[in-house]
Protein chains: 2
Amino acid sequence: MRKHPEITIHDLASELRISASTVSRALNDNKRISIKTRKIVQQKAIDMGYRPNILAANLRIKKTMTIGVVVPRIDRYFFSSAISGIEDYAWTKGFNVIISQSNDLLIKEENCVRTLYNNRVDGMIISISMQTNEDNHLRLFSDNHIPILFFDRFCPTIESDRIVVDDFNSGYQITAHLIERGCKRIAHIAGPELLNIYLDRKGGYLKALSEAGISVGDGYLEVTGLTREEGRAAFARLMSLPNPPDGVFCGNDTTALSALEYCRSNKLKVPEDVALVGFSDEPFSAVVTPSLSTVKQPGYEMGFLAAQRIIERIQNTNLPIPFEQIVLPSKLIIRQSS
Amino acid sequence: MRKHPEITIHDLASELRISASTVSRALNDNKRISIKTRKIVQQKAIDMGYRPNILAANLRIKKTMTIGVVVPRIDRYFFSSAISGIEDYAWTKGFNVIISQSNDLLIKEENCVRTLYNNRVDGMIISISMQTNEDNHLRLFSDNHIPILFFDRFCPTIESDRIVVDDFNSGYQITAHLIERGCKRIAHIAGPELLNIYLDRKGGYLKALSEAGISVGDGYLEVTGLTREEGRAAFARLMSLPNPPDGVFCGNDTTALSALEYCRSNKLKVPEDVALVGFSDEPFSAVVTPSLSTVKQPGYEMGFLAAQRIIERIQNTNLPIPFEQIVLPSKLIIRQSS
DNA sequence: GTGAAAGCGCTAACAA
DNA sequence: TTGTTAGCGCTTTCAC
């Protein structure tokens with residue numbers, strides 16, 4: 001039931017008849033202060049209900065103990081689990097996390113990044129939007145030597161740490177799997193070419209095909225925004241081809257789901273008529289019927305590692321740690337749809 | 001390509017040969033400064049790449065412009081969409097949001113709340129954990145008159161604003177719907193009685209039954225933690241009853257899904273043998289087969305409104321606005337499972 | 001309409 | 001081992 005009057009180190013100091021700096025040091029467990037004094041001060045702090053003014057400390061120390069996060073959308077499972085990982089680690093280190101979403105819009109992303117910059121976050125973890133085709137806003141950080149770390153979707157022109165999964169190899173595995181299960185005509189619904197992840201997935205697809213001596217059928221490569229609607233349209237186009245595919249690697253689970261729904265309403269059997277594979281292992285993928293083959297990305301782990309990495313960098317801004325691209329393993333999950 | 005040297009109002013001041021206070025005022029569009037001076041200062045600020053030091057301003061002004069959020073888990077769709085709503089509104093008002101998750105553990109929740117308190121957030125939006133049976137940590141806020149707002153799951157002993165959906169009525173509607181479609185033996189898998197939401201859902205269930213003159217069958221009321229596993233076990237118990245139910249109102253979509261899976265592996269037809277209804281409209285609910293009847297909660301809107309409300313309160317701490325419980329409409333969505 | 005000066009609560013260089 | 005002192009960058013009273 002304590003009331004407003006905030007206790008400061010000066011209150012503690014005068015109460016104990018010592019100086020404020022001693023109080024400050026004692027509170028921070030500075031070894032220059034005798035254990036005895038430290039104990040006394042710390043106890044008094046508790047007794048008087050002292051809480052440090054982080055603002056003042058941060059102003060003095062010129063750090064905010066905050067890391068900024070920008071993701072396309074919070075409510076997508078992959079991103080929310082990544083955020084979960086970021087939060088969990090950051091909190092153990094006393095860092096706060098402020099989150100913002102770009103809605104996959106470049107202009108919104110620029111706005112987010114600028115706001116984080118103005119808020120003086122100590123570092124930024126970002127997964128760029130589908131539209132991001134330039135990097136001026138990102139340079140706000142890199143040019144000013146504020147740590148920046150990309151996860152999943154990165155901007156190739158900014159030198160920095162990155163945490164990704166091996167999209168190329170995953171795309172390769174998916175396609176190889178389709179080939180192995182007997183598909184002869186394999187199509188791919190790809191995402192925006194601006195993004196490394198989709199480019200890589202497509203690359204893996206192409207490599208697997210060419211290794212197997214299969215050429216990409218006419219019209220078998222669709223490039224879309226990977227929304228539900230675009231996915232459905234793209235899949236419809238594929239299935240209306242004179243020689244429709246018997247296996248489709250969809251750029252994400254959302255489009256795979258659209259494909260599934262298209263099949264349902266058009267009485268196509270999955271996987272008999274056409275085998276389907278998605279990407280991301282969204283929560284719904286395991287439970288739709290037929291369940292969706294997909295690639296599981298370790299969202300939580302990526303976030304956790306990202307936080308770990310960036311905090312390490314924040315705490316060693318002077319040390320010249322080389323930038324690193326960390327590739328986490330993803331896992332092909334074969335279910336009923338293929 | 002600007003470098004480290006941060007510009008301060010003093011730099012602007014000396015550059016323009018005016019005082020720092022004038023610069024400060026001009027930057028804040030204070031009408032005591034002539035329009036002309038304001039323009040000049042603001043332009044200079046841009047030219048010199050000035051960015052205000054929010055930390056210093058906040059220290060002075062004793063606000064952090066930050067609101068804290070505590071949810072059970074970020075990666076559950078309902079919560080991530082609520083957070084999305086909170087973020088969206090807060091950013092328009094220049095507020096930052098710091099998010100933490102309790103993992104439905106009281107001890108973790110206490111920790112989160114304490115951290116937010118120490119971080120001097122200007123207000124807190126919280127949906128309490130399944131274990132929260134006391135309110136000492138919450139009193140940290142309410143006793144110190146820091147605005148606190150509950151959404152969805154609230155603590156009844158703390159006086160404050162609340163934003164909820166009408167769980168009672170939703171539970172009633174679900175049950176009435178099951179009755180209407182011909183179910184005679186309706187069971188309910190309820191959640192922890194500690195939480196208003198589950199208590200209300202159960203209350204609605206009971207009321208609908210009693211109004212219809214149906215009594216609750218023996219063993220028809222299961223109280224669980226509503227996880228996938230507990231849901232499955234509870235549903236298995238129900239179906240092993242001598243007189244198993246022909247309609248089950250599951251406390252959330254997760255348990256409804258478990259039930260569905262149980263039915264699948266036990267060759268029970270849904271909804272013919274047993275009709276199923278869940279709660280929350282998780283992303284998977286619409287796409288499983290059979291698709292899941294459920295109640296849609298407006299997560300994003302709740303978050304948006306919560307942010308709006310708490311910011312209003314933060315900005316009028318002196319005004320005695322009465323506490324309010326805002327009930328948002330939820331919507332029964334009837335799908336194939338019932 | 002503008003300036004001088006004090007101070008938010010803390011840390012840290014320098015002294016003792 | 002402890003204290004003195006000087007700010008961090010901003011806002012704001014009070015004076016002119």
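Lettering follows sequence order; numbering is per chain, from 1. Below, all heavy atoms of this structure are taken into account, side chains as well, without hydrogens, waters or symmetry copies.
- Closest to the side chain of B:I9, out of D:dC14, C:dC10, D:dC10, is D:dC10.
- When distances run from any side-chain atom of B:L59 to the nucleotides C:dT2, D:dG9, D:dC10, the shortest one goes to D:dG9.
- The base of D:dT4 is paired with the side chain of A:S21 by a donor and an acceptor separated by under 3.5 Å.
- When distances run from any side-chain atom of B:N53 to the nucleotides D:dG9, D:dT2, C:dC10, the shortest one goes to D:dG9.
- Nucleic acid contact for A:S24: base, since at least one base atom lies under 4.0 Å from a heavy atom of the residue.
- In this structure, A:T8 does not reach the C:dC8 phosphate: none of its side-chain N or O atoms is under 4.0 Å from OP1 or OP2.
- Comment: B:R162 does not engage B:E324 in a salt bridge, judged by the lack of any side-chain N to carboxylate O separation of less than 4.0 angstrom.
- Heavy-atom nearest nucleotides on DNA chain D were determined for B:R32 and for B:A57, and the one closer to the 5' end corresponds to B:A57.
- Salt-bridge check for A:D88 with A:K93: failed, with every basic side-chain N at 4.0 Å or more from each acidic carboxylate O.
- For A:S34, counting side-chain heavy atoms from C-beta on, the closest listed nucleotide (D:dT1, C:dT2, C:dG3) is D:dT1.
- In this structure, CD1 of B:I7 is placed 10 Å from P of D:dC10, rounded to the nearest angstrom.
- Taking a cutoff of 4.0 Å between a charged side-chain nitrogen and a carboxylate oxygen, A:R51 and A:E6 qualify as a salt bridge.
- Atom NZ of A:K39 is separated from atom P of D:dT1 by 14 Å (rounded to the nearest Å).
- Here D:dT2 presents its C1' atom at 17 Å from CZ of A:R17, a figure rounded to the nearest Å.
- Taking atom CZ on B:R120 and atom C1' on C:dG9, their separation rounds to 9 Å, with Å as the unit.
- The interatomic distance linking B:K31 (NZ) with C:dG1 (P) rounds to 12 Å, in whole Å.
- What separates NZ of A:K36 from C1' of D:dT1 is a distance of 11 Å, to the nearest Å.
- Between A:R73 and A:D104, no side-chain nitrogen of the basic residue sits less than 4.0 Å from a carboxylate oxygen of the acidic one, so the salt-bridge criterion is not met.
- DNA chain C is contacted by both B:A56 and B:I18; B:I18 maps to the nucleotide lying nearer its 5′ end (nearest heavy atom per residue).
- Here B:K62 reaches the OP1 or OP2 of C:dG9: one of its side-chain N or O atoms lies under 4.0 Å away.
- Nucleotide D:dG9 holds its C1' atom 19 Å from the NZ atom of A:K63, rounded to whole Å.
- Among the protein residues, B:I54 comes within range of no part of the nucleic acid, since none of its heavy atoms lies under 4.0 Å from any strand.
- Each of B:R25 and A:I61 lies near DNA chain C, and the nucleotide nearest B:R25 is the one positioned closer to the 5' end.
- Relative orientation of the B:F151 and B:F78 rings is tilted, given thresholds of 30° and 60° on the angle between their planes.
- B:N28 comes within 4.0 angstrom of the backbone, heavy atoms only, and of no base.
- A salt bridge between B:D122 and B:K63 is absent, with no side-chain N of the basic residue lying under 4.0 Å from a carboxylate O of the acidic one.
- Look at CE on A:M65: it is 15 Å from C1' on C:dC10, rounded to the nearest Å.
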